[in-house]
Amino acid sequence: MNTSLELVSHPLCPYVQRAAIVLAEKGVAFSRRDVDLSDKPAWFLALSPLGKVPLLRSERGVLFESAVIAEYLDETLAPRLHPADAFERARHRAWIEFASALLNDIARFYNAADAEQLDAGQQALRRRFERLEETLQTGPWFAGERFSLGDAAFAPVFRYWQVFERIADFATFAGLDKVERWRQALAGRPSVQAAAPADYAQRLWQFIERRDSRLSCLLRRTTAA
C-alpha cells in the first residue's frame with residue numbers, strides 16, 4: 001500500500017482522532033489537512049459525500065467514515081489490531097458502535113440547555129461507563145494485552161474529560177476502577193497523545209464556552225472564580 005496518505009481532519013473531531021491513532025499504531029507517515037466545518041470549501045464537499053471528516057486520501061482515491069478507514073488500514077498494514085477470531089472481531093465492532101453512541105451522549109451533555117438536562121446527560125454517560133466496567137477484563141487495553149481498534153475508538157471519548165473535569169466534579173468514573181485504569185493507560189499511549197493537537201484542551205474549552213448551554217454557564221463561572 002502506498003504510504004503517501006493525507007488525513008482530512010478537524011482539530012476537535014473525535015472520529016478523526018480514531019483514524020489518526022490507527023495510522024500512528026501502523027507507523028505510517030501521513031499528513032493532515034484541517035477543514036473549517038463551519039465554512040466547508042468546495043474541494044472538500046466534492047470529496048466527502050456526507051460533508052464530514054475524516055477523509056483518507058491516497059493515490060487510489062478517497063475513503064470516508066472513520067470505521068471504514070480504520071478497517072481498511074488494519075487489513076492492509078501491519079500490525080493487525082483487530083482480533084483474528086471472527087466472533088471476537090464482530091464483538092469488537094459492536095463495542096466500537098457503543099463508543100459512537102457514547103460520543104452522541106457527550107454531545108447531548110455539552111449541549112444540555114438547563115441543569116435538569118445536564119443531570120440527565122450525566123446519568124446517561126454514567127450508565128454507559130458502568131456497562132463498560134462490566135465488560136472490561138484485566139486490561140490494560142480493551143481486549144487485554146493487545147491494543148486494538150476498540151481502544152482507538154474509545155480513546156477520543158475519554159479525552160473530553162480533560163476539560164469536563166476542569167469545569168466541575170461530575171464523578172463520572174467514581175468507583176469504576178477498570179474504566180479508570182483503562183482511560184489512564186490510553187491517555188499515556190503515544191498514538192493517542194499525538195492524535196489531537198497540543199492545544200486540544202484549549203480549543204475544546206473555547207468550543208464549549210461559545211455554546212448556549214448549561215455546561216458553558218458552569219465553565220464561565222469556573223473562569224470567573
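Geometrically, Arg211 does not engage Trp205 in a cation-pi contact defined by less than 6.0 Å to the ring centre and at most 45° from the axis. Judged by the 6.0 Å distance and 45° axis criteria, Arg159 is positioned over the aromatic ring of Tyr200.
Side-chain atoms of Trp182 and Glu180, non-hydrogen and from C-beta on, never get closer than 4.5 Å to each other. You'll find the side chain of Arg108 stays beyond 4.5 Å of the side chain of Gln117, heavy atoms only. The closest side-chain heavy-atom distance from Tyr110 to Leu118 is not below 4.5 Å. Taking the side chain as every heavy atom from C-beta outward, Pro83 and His92 approach each other to under 4.5 Å. Proximity of Leu56 to Leu73: side-chain heavy atoms (C-beta onward) are separated by under 4.5 Å at one or more points. Here the side chains of Leu55 and Leu63 are not in contact, with every heavy-atom distance at 4.5 Å or above. Within the 4.5 Å cutoff, side-chain heavy atoms of Leu149 are placed close to those of Val22. Side-chain contact between Gln202 and Phe207 is absent, with no heavy atoms from C-beta onward closer than 4.5 Å.
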>> Apply side chain to side chain contact (heavy atoms under 4.5 Å, CB included) to residues Tyr160 and Ile208 and explain how you reach the verdict.
In response: CA-CA 11 Å; Tyr160 281 91; Ile208 294 172; over 6 Å; no

> Under the side chain to side chain contact (heavy atoms under 4.5 Å, CB included) criterion, do Phe147 and Leu186 qualify, and how do the steps go?
Replying inline: CA-CA 10 Å; Phe147 190 91; Leu186 287 170; 3.9 Å; yes

>> Apply side chain to side chain contact (heavy atoms under 4.5 Å, CB included) to residues Thr172 and Gln122 and explain how you reach the verdict.
In response: CA-CA 7 Å; Thr172 307; Gln122 165 61 15; 3.4 Å; yes

>> Please evaluate residues Val192 and Gln17 with respect to the criterion side chain to side chain contact (heavy atoms under 4.5 Å, CB included), reporting the C-alpha separation (whole Å), side-chain torsions for both, the decisive distance (0.1 Å), and the verdict.
In response: CA-CA 8 Å; Val192 174; Gln17 293 175 41; over 6 Å; no

>> Is there a side chain to side chain donor-acceptor pair (under 3.5 Å) between Ser213 and Asn111? Walk through the geometry before answering.
In response: CA-CA 5 Å; Ser213 69; Asn111 284 314; 5.8 Å; no

> For Ser148 and Trp141, what are the C-alpha separation, side-chain angles and deciding distance, and is it a side chain to side chain donor-acceptor pair (under 3.5 Å)?
Replying inline: CA-CA 8 Å; Ser148 70; Trp141 310 115; over 6 Å; no

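Phe64 approaches Pro49 most closely through the heavy-atom pair CE2-CG, 3.5 Å. Nearest heavy atom pair, residue Ala155 against residue Ile21, reads CB-CD1, 3.8 Å. Of all non-hydrogen atoms in Ala24 and Ser191, the two that sit nearest each other are CB-CB, 3.7 Å. Contact detail for Thr222 and Ile167: the closest heavy-atom pair is OG1-O, 3.1 Å. Shown here for Arg32 and Ala195, the closest heavy-atom pair between the two residues is NH1-O, 2.9 Å.
Distance check: His10 NE2 to Tyr15 OH gives 14.5 Å after rounding to the nearest 0.5 Å. Here Leu176 contributes atom CG and Arg131 contributes atom CZ; the two are 13.0 Å apart, rounded to the nearest 0.5 Å. Asp212 contributes atom CG, which lies 13.5 Å from atom CZ of Arg210 (distance to the nearest 0.5 angstrom). Note that CG of Leu136 is 11.5 Å distant from CG of Asp177, once rounded to the nearest 0.5 Å. Put simply, CD1 on Ile69 and CG on Leu7 are 6.5 Å apart, with the number rounded to the nearest 0.5 Å. Here the CD atom belonging to Glu65 is positioned 12.5 Å from the CD atom belonging to Glu71, to the nearest 0.5 angstrom.
For Gln193 (side chain) and Ala187 (main-chain N/O), a donor-acceptor pair under 3.5 Å exists by modelled atom type. Gln137 places no side-chain N or O within 3.5 Å of a backbone atom of Ala143 that could act as its donor or acceptor partner. Distance alone, capped at 3.5 Å, is enough to place a donor-acceptor pair between the Thr76 side chain and the Tyr72 backbone. Formation of a donor-acceptor pair under 3.5 Å by the Glu6 side chain with backbone atoms of Arg57 is not found in this model. Within the 3.5 Å criterion, the main-chain N or O of Pro140 finds no donor-acceptor partner in the side chain of Arg181. Between the side chain of Ser66 and the backbone N or O of Arg18, no donor-acceptor pair lies under 3.5 Å. Without hydrogens or angle criteria, Arg220 side chain to Glu209 main chain gives a donor-acceptor distance under 3.5 Å. A donor-acceptor pair is defined here as one N or O able to donate and one able to accept, closer than 3.5 Å; no such pair exists between the side chain of Asp105 and the backbone of Leu125.
The hydrophobic cluster containing Phe87 does not contain Phe142, counting ILVMFWY residues as joined when their side-chain heavy atoms lie under 4.5 angstrom apart, directly or transitively. Linking Ile, Leu, Val, Met, Phe, Trp and Tyr whenever their side-chain heavy atoms come within less than 4.5 Å puts Val62 and Leu37 in one cluster. Note on Leu102 and Trp95: same hydrophobic cluster, where clusters join Ile, Leu, Val, Met, Phe, Trp and Tyr whose side-chain heavy atoms are under 4.5 Å apart, directly or indirectly. There is a path of hydrophobic side-chain contacts, each under 4.5 Å, that joins Leu45 to Leu50. Under the 4.5 Å side-chain contact rule for hydrophobic residues, Val35 and Leu204 do not share a cluster.
A salt bridge links Arg189 with Glu25: the closest approach of a Lys/Arg side-chain nitrogen to an acidic carboxylate oxygen falls below 4.0 angstrom. Using a 4.0 Å cut-off between a side-chain N of Lys or Arg and a carboxylate O of Asp or Glu, Arg146 and Glu88 do not qualify as a salt bridge. We find that Arg80 and Asp74 are joined by a salt bridge, their nearest charged nitrogen and carboxylate oxygen being less than 4.0 Å apart. Using a 4.0 Å cut-off between charged nitrogen and carboxylate oxygen, Glu134 and Lys178 do not count as a salt-bridge pair.
Residue Glu130 forms a salt bridge (Lys or Arg N to Asp or Glu O under 4.0 Å) with just one option from Arg126, Arg128, Arg127, and that option is Arg126. Partner of Phe129 under the ring pair (Phe, Tyr, Trp, His ring centres under 6.0 Å) criterion, chosen from Trp161, Phe154, Phe98: Trp161.
The local environment of CG in Asp169 is sparse, with at most 12 non-hydrogen atoms from other residues, nucleotides or ligands closer than 6.0 Å. Other residues, nucleotides and ligands contribute more than 12 heavy atoms inside 6.0 Å of the NZ atom of Lys26. Counting heavy atoms of neighbouring residues, nucleotides and ligands inside a 6.0 Å radius, atom CG of Asp85 exceeds 12 of them.
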